[in-house]
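Some notes on the structure that comes next.
All chains are named by letter (A, B, ...) in the order of the sequence lines, taking the proteins before the strands, and each is independently numbered beginning at 1.
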2 protein chains.
Amino acid sequence: MDHCATCYVRNRAICSALEVDEVTALGRIGRHHRLVPGQTLIWEGEDSMLVANVIDGVLKLSTSLSDGREQIVGVVYPSDFIGRPFGTRVQHNVTALTDAHVCTFSSSDFERFAREHPELEHKLLERTLGELDRTRRWLLLLGRMTASEKLANFLLDMSERLTPGGSCGNSPADGFDLPFGRQQIADILGLTIETVSRRLNDFKAQKIIAVPSRRRIEILDRTALSDIAANATL
Amino acid sequence: MDHCATCYVRNRAICSALEVDEVTALGRIGRHHRLVPGQTLIWEGEDSMLVANVIDGVLKLSTSLSDGREQIVGVVYPSDFIGRPFGTRVQHNVTALTDAHVCTFSSSDFERFAREHPELEHKLLERTLGELDRTRRWLLLLGRMTASEKLANFLLDMSERLTPGGSCGNSPADGFDLPFGRQQIADILGLTIETVSRRLNDFKAQKIIAVPSRRRIEILDRTALSDIAANATL
DNA sequence: CGAGAACTTGATATGCCTCAACTTGCGTGG
DNA sequence: CCACGCAAGTTGAGGCATATCAAGTTCTCG
């Protein structure tokens, strides 16, 4: 695999810790994969052990109870790292939500390489610490927020992540396309699809957002949305 | 500080990655602290930046909303690591639940030391990855479980962590003392104190547990408890 | 022994879930 | 190009689990 030289996320992924020749060496143990929406890369409980970098697309991490209740426990974007090195067992499914490109490694190969490249491990550590922070904030959301607060926070979060240029304020086109359907939003927020639909329509009725198509959200009144989410901000 | 040589958690904390002389060097930049229950070591949002190892005791990590709703986002035990190195800002309070001993470092000192000792960073990475896994499982609990399921899982989790010898099965004294009051259990599980009390009494009535004193729990029927928690296990 | 905190218990309220029908959007094939 | 059919999303009615509010009770510690 010699894609590395032209890799989109080369400067943001953990690979950015490496020198050119080291990237080449890492590239040699990696494999490029293309995923279609709904395709699962890693299954909960399996110990095959694969890790990967996301090059393009959005994937979800999810776990579920035996009766079918599901919770999305993470969402990964381009340049994010997937998998559980230095562990025995994956704790969740990893499934593509959009068309996606990933760069996979066998865990053992990756682990060996990482241990020889402390800079890489350091980058991974920083990333993991950040992910832990974000996951802990999510605990507050799931444990203590109402449906409206959950949705407001979710929309603000999405607007940050998905707005390309980073247009802040109440600029004319403060909108984005969600990579999720309603059920997936529900699975992220610990709600039912019906509640998501209802609260979203409340926001629409209050002219806080517009929903021109199923997956598109436009934020009309960011202040109002922040106010609803605000309790969270501390 | 020359406690390191006799430190209780010396072989389990991240220090275990280091050689004797390295531990000594780390010890020189650390300070020993004693905390009493309720004492807060780190405040949410502050950027003073302190990191620490827990030597003894139990501490909680918590965040709260402006109107007082609180969520415990983590619980740390002896040998666990506290704080957010390589970041700008702490996202939660760190408060002692019991008398506690911690070994603190200024973030910058610790970061400098860590970057010079890849083995230490590696241990920290493993720890952080494990913590992330556990936190993600907690998302499932908060987002998708009923109060009884939450409590059953909580009790089983506690019994694992707090049982000294690791007595499994239905041995005669399958009990432990919680380091939490009812309100804190509620704040861990995203419930109210009243619901915790009621469900706990249900378990008592069903002879699944006994509660000889406020903080003591004895598991009488581990199978039943597992069944209630079971949906989670997948 | 007294006072306060911690916890329990009860009555009521409510936000979210459940179940069910309906609508909309969208791709496919006639 | 339209019409069909299915998947996705919306809307409504009603129920239920948990929250809320308000007393009680039991520990605990000076």
*Rounded interatomic separation in angstrom, taking CZ from A/R69 and C1' from C/dC17*: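 Distance, rounded to whole Å: 12 Å.
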*To the nearest Å, give me how far apart CE (A/M145) and C1' (C/dG15) are.*
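So the CE-C1' distance, A/M145 to C/dG15, works out to 17 Å.
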Under the side-chain contact (heavy atoms from CB on, under 4.5 Å) rule, collect the residues that match up with [X], sequence neighbours excluded.
{"X": "A/D157", "answer": "A/R161"}
{"X": "B/Y8", "answer": "none"}
{"X": "A/R12", "answer": "A/V9, A/P78, A/S79"}

*Can you measure from CZ (A/R198) to CG (A/L191) and round to the nearest 0.5 angstrom?*
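Between atom CZ of A/R198 and atom CG of A/L191 there are 11.5 Å.
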*In Å, rounded to the nearest 0.5 Å, how long is the span from CG of A/L141 to CD of B/Q71?*
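Result: 10.0 Å between the selected atoms.
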*For A/E194 and for A/S148, locate the closest nucleotide of DNA chain C by heavy-atom distance; then report the residue assigned to the nucleotide nearer the 5' terminus.*
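Upstream on the strand: A/S148.
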*B/V94 and B/T40: CA distance, side-chain angles, deciding distance, side-chain contact (heavy atoms from CB on, under 4.5 Å) verdict*: CA-CA 6 Å; B/V94 179; B/T40 295; 5.7 Å; no
_Nearest to the A/T195 side chain among C/dC16, C/dT8, C/dC19, which nucleotide is it?_
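Nearest to the side chain of A/T195 among the choices is C/dC16.
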May I ask you to test the [X]-[Y] pair for a side-chain heavy-atom distance under 4.5 Å?
{"X": "B/M145", "Y": "B/L189", "result": "no"}
{"X": "B/L225", "Y": "B/S159", "result": "no"}
{"X": "A/Y77", "Y": "A/V54", "result": "no"}

*Would you jot down, in residue-number order, the residues of residues 198-208 of chain B having a non-hydrogen atom under 4.0 Å from DNA chain C?*
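Of all residues in residues 198-208 of chain B, the ones placing a heavy atom under 4.0 Å from DNA chain C are B/R198, B/N201.
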*Would you call the rings of B/H32 and B/H101 parallel, tilted or perpendicular if under 30° counts as parallel and over 60° as perpendicular?*
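Because their plane-to-plane angle is over 60°, the rings of B/H32 and B/H101 count as perpendicular.
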*Contact letters for nucleotides 22-27 of chain C, in which S counts primed atoms plus P, OP1 and OP2 and B counts the base, heavy atoms under 4.0 Å*: --BS--
_salt bridge (Lys or Arg N to Asp or Glu O under 4.0 Å) partners of B/R134, counting only residues at least two apart_ =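 So B/R134 forms a salt bridge (Lys or Arg N to Asp or Glu O under 4.0 Å) with B/E131.
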*Which side-chain hydrogen bond (donor to acceptor under 3.5 Å, both in side chains) pairs, counting each pair once, include a residue from residues 176-189 of chain A, with sequence neighbours left out?*
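Qualifying pairs, neighbours excluded: A/D177-A/R216, A/Q183-A/D187, A/D187-B/R144.
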_Which residues pass the ring-ring contact (aromatic ring centres under 6.0 Å, His included) test with B/F81, not counting sequence neighbours?_
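For B/F81 the ring-ring contact (aromatic ring centres under 6.0 Å, His included) partners, ignoring immediate neighbours, are B/F110.
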_Of all pairs that satisfy ring-ring contact (aromatic ring centres under 6.0 Å, His included), the ones with a partner from residues 194-228 of chain B, not counting sequence neighbours_ =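 Sorted result for residues 194-228 of chain B: empty, none.
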*Give the first and the last nucleotide of DNA chain D, reading 5' to 3', that has any atom under 4.0 Å from a heavy atom of chain A.*
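It runs D/dA8 to D/dA13.
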*Would a distance-only check, ignoring hydrogens and angles, find a side-chain to backbone donor-acceptor pair under 3.5 Å from B/W138 to A/R136?*
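No; judged by distance alone, with no hydrogens or angles, the pair does not exist.
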*asked:* Among residues 182-191 of chain B, which ones have heavy-atom contacts with DNA chain D below 4.0 Å?
replied: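 Under 4.0 Å from DNA chain D: B/G190, B/L191.
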*For the helix from C/dC1-D/dG30 to C/dG30-D/dC1, what angle lies between the axis at the first five pairs and the axis at the last five pairs, to 10 degrees?*
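One end axis against the other gives 40°.
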